[in-house]
> 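Below are the structure tokens for one structure; questions will follow.
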Amino acid sequence: MIRPHRSHPLWIAFILHRISGVVLALFLPIHFYVLSLALTDPTALDGFLRFSDLFVVKILETVLVLLLAVHLFGGLRLMAMELLPWTNWQKSLAASSIALGSAVACLFFLKVV
Amino acid sequence: MTSAIEERDTDILIIGSGGAGLFAALHAQQSASPGTRITIAVKGLLGKCGCTRMVQGGYNVALGNGDTVERHFMDTIEGGKWLPDQDMAWRLCEQAVVRIHELENEVGCFFDRNADGSLHQKAFAGQTADRTVHKGDLTGIEIISRLMEQVMSRPIEQLQEYRAVGLIPAADGDGLAGVLFIDMRRGSFVFVRAKAVLMATGGGPTMYKYHTPSGDKSMDGLAMALRAGLPLRDMEMVQFHPTGLLAGEHTRMTGTVLEEGLRGAGGWLLNGAEQRFMFDYDEKGERATRDIVSRAIYAEMRAGNTTAHGGVYIAMSHLGVEDVRKRFKGMVKRCEDCGFDLAGGLVEVVPTAHYLMGGVVVDIDTRTALDGLYVAGEDAGGAHGSNRLGGNGVANSTVYGGIAGDVMAADIRNVKALRAPDRSMLEQEYQRATAAFSGTGASVGEVAELRNQLQEVMWDGVGVLRTAEGLNSALRSLSDITQQVNDVKVPDGNRAFNLTWHDWLNMQSLCEVSEVITKASLARENSRGAHYREDFPDVGDLETSYFTVASDNGSGVQVAREPVKFSIVRPGETILPAHEPASLVG
Amino acid sequence: MLNVRLYMLQRLSALVMAPLVVGHIAVMIVAVQGGLTTAEILSRTQGSLWWMLFYGLFVIAVSVHAAIGLRVVAYEWLGVKQKLSALLSIIVFIGLLILGMRAVFAVTLS
Amino acid sequence: MTDSNTETLNVSVWRGDASGGQFRDYQVPVQENQTVLDVVTWIQQKIDDTLSYRFACRVGMCGSCAMTVNGEPRWTCRTHVNRVTQSSSLEIGPLRNLPVIKDLTTDMDPFFDKWTKAGGTHRASRSRNDGMVPVDPASKERMIASEGIECINCAVCYAACDTVAANPQYLGPASLQRAWTLVNDEKHDDRSAVLRAVAAEGGCYNCHSHGSCTRYCPVELNPMKAVAGLKRTTVAKLWGK
Ligand SMILES: Cc1cc2nc3c(=O)[nH]c(=O)nc-3n(C[C@H](O)[C@H](O)[C@H](O)COP(=O)(O)OP(=O)(O)OC[C@H]3O[C@@H](n4cnc5c(N)ncnc54)[C@H](O)[C@@H]3O)c2cc1C
Ligand code: HEM
Ligand code: SF4
Ligand code: F3S
Ligand code: FES
């Protein structure tokens, strides 16, 4: 159970940032491996790319983009908070960075499908 | 049974971590010869208990701009209605100047500034100059937090949640050998031997139904001193603050202070019928001094003109709800947290026991009649006489705490060895403290119930308005309650952090000291400062002023009177130069 | 767990990546339309020094960044001891760097 | 809403010590103006006289009475029961992230040890024999220092912080905030020593800006902002040199 003391915007922003970071980091080796196939086994890569035409896979891809975008804007927000002069609307900034990330992912999804 | 007592040694032992205790530790550490072991033992957490932390208004010190040490001294003497020990009062005013610089420059406090960068000082009631240094209305937090940091970061041994239960004299009768403690966390006994001991447990009249001091204070120090045969002076002098919060009997918020500034700013006091009444008692109305307002409220209460919980109202909204909210932010929030609207509505208030002017008889170096025992802060009597000026409380504890630290460090250079304790006294104190476990009496809730009874008795009989009849009847009830306390049985399953046991021990101390307060009140047959006898309403002759001295030499508490020595100034005279105006406050 | 150097490296690598990620996402949005083929990818990237630099830099930055990130997560969430998580972090860094560089060469060289 | 005398609260209180424990249930009558501390007191005084807890000032100045109330860290002497009850039930436990002594009391020493370790002690640049430094209360530095100075060291933020829970070295929000006030205190003799202390192992870089500290600080301070200030200042110093 998520205890009540964690149900506030900045904590949610943190958990999103961390989970997105970890998932991206875990995805990265797969991503690299698949791309290296271009060198070692181009047909396998093509097979993989066809596989990624599947709708489910498109959704998964969108989720990855979502995570990347949310992590990007969240990370920029964090760095702005830490390194630029303080502003008092941290919660709004956190919300905006998540919104912006989602918007990018939507755009991606619409284009892909 | 004394084998159940662990023993440890130190050179300088300090009991209590309020302004007096922490300053003593700091000064001892600074001025003792290298290698001196310094230990501070405290009933709560270091710096997080006691009243110094709760200081709101501020710290009195004469720092120029027309104000002088002489003027501060005269205000203190006149405020104390000519009863203060003049040498102590003088040293207080003089050393406060040094101490405030020390607090700012060495300890690291930051007090509020004027726009030009100089210290801001305001005038508390009863003062003839803008003298009170402060940090907003949370001055105590600033002072204690900074002192605590200094003590924490130095080689000073800390014994936290160690409760002193008895002063143990030397076997050869020559001075103090050490102090018996309960390590509250383990529930076991520890006897700490030391060459010098400072008692700074901070008095605190918590035997009244309504009281302001922190919950850990229960007069343990004065009770221990009394048992050790030391004389206590001015014990009838209990200061009441007129506006304590009244929120019902079951809440610990009841009795806590609503700040003086509310009345100063023009707040109204209303009785149960929502009518102002202060002008019936004094031409200054709500702005009259603490003792007058307290008596007026008490009189209204006795006449039955009360609110639902039996007090009166304070009203602020006529000053503009938003303004009040802004100006008294902390107070408004505090009231709001427990469900009251101070800015817009009515809040019930009641006079509340705030400070004990009385205490152990000491000299101006904090030494007592018992070799090796020193007393400073609210535990020490003399500096305030019959009334303490707002702002002289912290000044007193920090000034004399510091002095104690220096004096102890110097004195122990001549003490060759730790004194051997009187084992029978050790045994006796141990038995006294553990008697709770062998009582015959009843069940859960007994101790709390007896505490309520004690508080009612003290409030009704030994409170704001006193008579011989009421005092005598209180004495009878006190002995009855004491008897019942002795009979209580506290559960003995687990002594670690056994609060009910400590509540019982608190009751022991409170009962002992309540008796002293009552007897001293009987002995003073006039009305001075905080002490008001309806059967003797006159102030009495100033020239022949006396103070009360209570002691127990084994045959019960006896109270004597001693003449005040006017060592610096006589009643009716002043030490201010002739051209000085009576007051510098506009 | 984190000292100035690791902290700064994580921030610095993040700053380097920020524009690269924007570029990468943009490319994907444009490129992915109608599906991808190996030929398509390779025709864009192969032989291009710019893409090589772009992805090369990306890989270096992400290896540093993710290695530091995972080090903290391992320590805080998985209870991995300080020393071990430092070692793990280095392994992650080297592993990602090798895998990543191979991928970059795969799509830009030959 | 209140039939005050008959209504009761169902209160679960954690009972145990360093070796473990469990929640025990009590029924406490509802009263107006009742704080969580009053509920605990009621249990100790009227139902179970073996219950241990800690308080001192009872008005939010000493920071001794913090506990975990319905999952949230709070000062209990100033928390009105109405603010926290969920369907007239209360769950009260000791503060998180500190060793338990018994029942609701914790050992706060680790909290204060870190306070000292973070450089949270003033170092004198002048003595009692010197005059007072004039300080413009509206200067930028002083305003920053003043923002964090009213901390009552209650450790509520320390208990709220998940980084403290996960990283035993982490100095925590309160001590870092104190350090930040000293970094901005022109009277301090060696402010770069404070910066070194907070940049060391366990220092400010471990904070992930969860913001729980700021969310729960009962006196409405902003330790998250202070920690960000430390990060910014220490990093700027790195470039500056
Ligand atoms: C609400 C409030 C507001 C106040 N405002 C002001 C003000 O504005 N200006 C002013 O000048 N004064 C003020 N005072 C008075 C002032 O706080 C005290 O006079 C002064 O702080 C006393 O200091 P002290 O060191 O003697 O005692 P305290 O600060 O009370 O310290 C006593 C210490 O002894 C410990 N102790 C007690 N019993 C034992 C035991 N048996 N064993 C071990 N340790 C023990 C306590 O736990 C505590 O640590 C105020 C008091 C209160 C209650
Ligand atoms: C696009 C640019 C990126 C930015 C601006 C960025 C920013 C950040 C920042 C500031 C942190 C520190 C968070 C903290 O200490 O609380 C962080 C952590 C992390 N990042 Fe990134 N990042 C980016 C890309 C990536 C990528 C592509 C990955 C994955 C491969 C990644 C993986 C991680 C991980 C695993 C963490 C650790 C999470 C944590 O400590 O909570 N990041 N990122
Ligand atoms: S910052 Fe706030 S929550 Fe933390 S210790 Fe200080 S007062 Fe308590
Ligand atoms: S909750 Fe903890 S992680 Fe940082 S912002 Fe506060 S210290
Ligand atoms: S008892 Fe002091 S803050 Fe609650």
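Chain A is the first sequence line, chain B the second, and so forth, proteins listed ahead of strands; every chain is numbered from 1.
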> Check whether any side-chain N or O of A:T62 sits under 3.5 Å from a backbone N or O of A:K58 as a donor-acceptor pair, and report yes or no.
yes
> Using a 6.0 Å cut-off, check whether atom CZ of C:R102 has over 12 heavy atoms from anything other than its own residue.
no
> Working to the nearest 0.5 Å, report the span between CD1 of C:I94 and OG of C:S89.
9.5 Å
> Do you know which of C:V73, C:V107, C:L42 has the most heavy-atom pairs with chain A at a distance under 4.5 angstrom?
C:V73
> Tell me the side-chain hydrogen bond (donor to acceptor under 3.5 Å, both in side chains) pairs involving residues 1-25 of chain C, sequence neighbours left out?
A:E82-C:Y7, A:E82-C:R11, C:S13-C:H65, C:H24-C:Y55
> If we only count heavy atoms from C-beta on, is the C:V59 to A:F32 side-chain gap below 4.5 Å?
yes
> With a 4.5 angstrom heavy-atom cut-off, could you sort out which part of C:L99 is near chain A: side chain, backbone, both or neither?
both
> Which bit of A:L83 comes within less than 4.5 Å of chain C, counting heavy atoms only: side chain, backbone, both or neither?
side chain
> Is any side-chain heavy atom of C:F93 closer than 4.5 Å to a side-chain heavy atom of C:V64?
yes
> Under 4.5 Å, counting heavy-atom pairs only, tell me which of A:V65, A:T43, A:L45 racks up the most with chain C.
A:L45
> Let's test your reading of the structure: which of A:L76, A:L49, A:L78 forms the most heavy-atom pairs below 4.5 Å with chain C?
A:L49
> Which bit of A:L72 comes within less than 4.5 Å of chain C, counting heavy atoms only: side chain, backbone, both or neither?
side chain
> In terms of heavy-atom pairs under 4.5 Å, which option from C:A66, C:A18, C:A14, C:G100 contacts chain A the most?
C:G100
